[in-house]
Amino acid sequence: MTVRTRFAPSPTGVLHLGSVRTALFCWLYARHCGGQFVLRIEDTDRQRSTPENVDAIVDGMAWLGLDADEGPFFQTERFDRYRAITEQWLDEGKAYRCYCTKEELDELRAGQKERGEKMRYDGRCRQRSEPCKAGDSVVRFKNPLDGDVVVDDLVRGRVVFSNAELDDLVIARSDGTPTYNFSVIVDDHDMKISHVIRGDDHLNNTPRQMNLLAALGAPPPAYAHLPMILGADGAKLSKRHGAVDIRDYREQGYLPEAVLNYLVRLGWSHGDQEVFSIEEMIRLFDVADVNQSASSFNPEKLLWLNQQHIISAPATRLSEALITHFEQAGLAPQDGPDLKDLADGFRERAETLTQMVSNARYCYEDFDEIDPKGAKKNLRPVILEPLKAVRERFASLSEWSKEAIGQSIEEVAASFGLNMGKLGQPIRVAVTGGTVSPPIDVTVSLVGRERTLERLDKGIRLIEARAQAHEN
RNA sequence: GCUCCCUUCGUCUAGCGGUUAGGACGCUGCCCUCUCACGGCGGUAACAGGGGUUCGAAUCCCCUAGGGAGUACCA
């Protein structure tokens, strides 16, 4: 049997961390098994579905690299198919029209609630024989009255539901459109889905769907219900924690492989391993290894993983991802060093790509002012002559390389009886305007000769002015 | 209310009858060091509670508590 999984989001919201985790597990399992992954947009709720949300889903999946083998399919394009089955079931007596009004149903539920009973439709229209003329009607499925439905869940184990707990659910609204549980099973069957991998919140729907599938004469797929992801405070994932558009993570400088790596470790593990490449995830992941308890979103760990992936990513990969962040920062890559060199110089000190760009700003743009504290501490008269000497050495270097630069600094420092720290930090402050940067040889080489000389001159003038002010 | 699911350090997790309960994030001490990082070596901190079963329970069973989901003409 070939494994076919599907990710079936509803475009009533954007693609967020929770839905991405579900998508990831579906995708990984399909890839792991050499099967297919299909994307299906469940847009039967026409009031709340929007084209913007469809874009958010499709774009988000593309950024993450969660490519579908089939789809996206849209349920709104399959209404004829659902209607045909509804009609057939009506003919076969597997479903019936229900004319109950909203008021009638509210009253029914209120009474049940008062008596402490389970709130459920009592099937009062089941026996109605005459094609009751008046008003709107919905179509309800005749759920079996007794017996059990057994779900052999891949992560949950065996879960048994009693049909007595289930009621006759609506499968077609009064406007003729299908409802969720119904369209899902028709599609899963038509699309030959072998494994339904979805959020825990659907476990309760599963017995209903299995009954529906049985009415269709279709064997049920394998089910795997994933534990939910909660917010950092243990409450339901909301805008406060991470239920934001997944594309925001791209904007904030996260690498998709880091996001996926973070997510795969929520509910799944492989020994002590924390960092996984996409290939490793595919090779090692199995839905049977997923655990059963909900987990909380931890932004710090995501950040750490992002840095780990930044550190290990090929420079070309980073340079491509960096471009959009330059635009965001109002910087032009051609105004400074090659992005690959930049990435190599800065990768160890950036948790995000946006951080990297902001840390490297002085490589692409001049700064107005030197950090006052750094200047006060490092640009002092004692360092004036060494700085001048370094400036001259830099000016006469035949080759502008990290090695040549480093050697120059070392030699000048030695000739003045200084250690690296005494000379390196003043250079850093003069050249970057701040006290933090990559190793000084790397920094200087990235800033470039022209800028370095200008900035050293500026620093030298500053010290001279200071010395003079001191004398007066 | 009813049905279903879940419960190991603050967080993510390992564990699948016998372990000094392991790893990771975070926090923290030290080392490395031209700054900041990265990295290395340590530290902090957990089996929700109560009953069983067993020679022996984090591991198996039951109860309680807590958390979550569903109970729609939402998905």
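Convention: sequence-line order gives letters A, B, ...; per-chain numbering from 1.
For a distance-only test at 3.5 Å, the side chain of A/N204 qualifies as a donor-acceptor partner of the base of B/rA69.
For A/E165, the side chain to side chain contact (heavy atoms under 4.5 Å, CB included) partners are A/K118, A/S162, not counting sequence neighbours.
Across every strand in view, B/rC16 sits unpaired, with no contact that passes the Watson-Crick or G-U test at under 3.5 angstrom. Nucleotide B/rA24: paired with B/rU11 (Watson-Crick or G-U wobble, both distances less than 3.5 Å). The nucleotide B/rG1 finds its pairing partner in B/rU71, both defining distances of the Watson-Crick or G-U wobble pair being shorter than 3.5 Å. Pairing for B/rG66 goes to B/rC6, judged as Watson-Crick or G-U wobble with the two contacts each under 3.5 Å. For B/rU54, there is no paired base (Watson-Crick or G-U wobble, both distances below 3.5 Å). The pairing partner recorded for B/rG39 is B/rC31, the criterion being a Watson-Crick or G-U wobble arrangement whose two distances lie under 3.5 angstrom.
Between A/R124 and A/E104, the closest side-chain pair of non-hydrogen atoms falls below 4.5 Å. Within the 4.5 Å cutoff, the side chain of A/N53 has no heavy atoms near those of the A/S10 side chain. Within the 4.5 Å cutoff, no side-chain heavy atoms of A/L305 are placed close to those of A/E257.
Within 4.0 Å (heavy atoms only), A/H225 reaches no atom of the nucleic acid at all. As judged by a 4.0 angstrom heavy-atom cut-off over every strand, A/N205 is placed among the base-contacting residues. When heavy atoms are screened at a 4.0 angstrom cut-off, A/I440 is found touching base atoms of the nucleic acid. As judged by a 4.0 angstrom heavy-atom cut-off over every strand, A/S437 is placed among the base-contacting residues. Contact annotation for A/P439: base contact, defined as any heavy-atom pair under 4.0 Å involving a base atom. If you check every strand for non-hydrogen atoms under 4.0 Å, A/T435 touches a base. No contact: A/Q273 has no heavy atom under 4.0 Å from any strand. Within the 4.0 angstrom heavy-atom criterion, base atoms lie near A/P438. In this structure, A/Y262 reaches neither bases nor backbone, as no heavy-atom distance under 4.0 Å exists between it and the strands shown. In this structure, A/T177 reaches neither bases nor backbone, as no heavy-atom distance under 4.0 Å exists between it and the strands shown. Among the protein residues, A/Q292 comes within range of the sugar-phosphate backbone only, with heavy atoms under 4.0 Å from sugar or phosphate atoms but none that close to a base.
Two residues, A/D45 and A/K113, neighbour RNA chain B, and the one matched to the more 5' nucleotide by heavy-atom proximity is A/K113. Between A/Q308 and A/R120, the residue anchored nearer the 5' end of RNA chain B, judged by the nucleotide with its closest heavy atom, is A/Q308.
Under a cut-off of 6.0 angstrom, the local environment of CG in A/D146 is sparse, with at most 12 non-hydrogen atoms contributed by other residues, nucleotides or ligands. Surrounding CZ of A/R449 are more than 12 heavy atoms belonging to other residues, nucleotides or ligands, all under 6.0 Å away. Heavy-atom contacts from other residues, nucleotides or ligands closer than 6.0 Å to NZ of A/K94 number more than 12. Within a 6.0 Å sphere centred on CD of A/E107, heavy atoms belonging to other residues, nucleotides or ligands number 12 at most.
Taking every side-chain heavy atom of A/E165 into account, B/rC2 is the closest of B/rA69, B/rC2, B/rA75. Listed candidates were B/rC12, B/rU71, B/rU35. Nearest to the side chain of A/M119 is B/rU71. Distances from the side chain of A/E348 to the nucleotides B/rG23, B/rA37, B/rC34 place B/rA37 closest. If you check B/rU35, B/rA75, B/rU3 against the side chain of A/T179, the one that comes closest is B/rA75. Comparing B/rC36, B/rC73, B/rA14 by their nearest atom to the side chain of A/V436 picks out B/rC36. When distances are taken from the side chain of A/K118 to each of B/rC34, B/rG23, B/rC2, the shortest belongs to B/rC2. In this structure, of B/rC6, B/rG23, B/rA75, it is B/rC6 that holds the atom nearest to the side chain of A/S293. For A/R349, whose side chain is taken as the heavy atoms from C-beta onward, the closest listed nucleotide among B/rA37, B/rG23, B/rC6 is B/rA37. Checking B/rC12, B/rC34, B/rA37 against the side-chain heavy atoms of A/D441 singles out B/rC34 as nearest.
In this structure, A/F297 and A/Y262 have perpendicular ring planes: the angle between them is above 60°, well past the 30° mark. The aromatic rings of A/F394 and A/W400 sit perpendicular to each other, their planes meeting at more than 60°, with 30° as the lower class boundary.
Between A/D168 and the choices A/R126, A/K142, A/R140, the salt bridge (charged side-chain N to carboxylate O under 4.0 Å, His left out) rule is met once, by A/R126. For the pairing with A/L418, the side chain to side chain contact (heavy atoms under 4.5 Å, CB included) check across A/V412, A/I383, A/I409 returns one residue only, A/I383.
Shown for residues 101-109 of chain A: residues whose heavy atoms fall under 4.0 angstrom of RNA chain B, namely A/R109. Of the residues in residues 144-160 of chain A, those lying under 4.0 Å from RNA chain B by heavy-atom distance are A/R156, A/V159.
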Stepwise, does the salt bridge (charged side-chain N to carboxylate O under 4.0 Å, His left out) test hold for A/D187 with A/R6?
-> CA-CA 10 Å; A/D187 286 352; A/R6 47 51 160 201; over 6 Å; no
Set out, line by line, the N/O atom pairs under 3.5 Å between protein and nucleotides 60-64 of chain B.
none

Dump the pairs, protein N or O against N or O of nucleotides 43-48 of chain B, anything under 3.5 Å, distances to one decimal.
none

Could you go over nucleotides 26-31 of chain B and give all protein N or O partners under 3.5 Å, atom names and distances?
none

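Note: A/F285 and A/W268 meet the aromatic proximity criterion, with ring centroids under 6.0 Å apart.
A salt bridge does not link A/K340 to A/D344: none of the charged side-chain nitrogens sits closer than 4.0 Å to a carboxylate oxygen. Between A/D122 and A/R109, none of the side-chain N atoms (NZ, or NE/NH1/NH2) sits under 4.0 Å from a carboxylate O, so this pair counts as no salt bridge.
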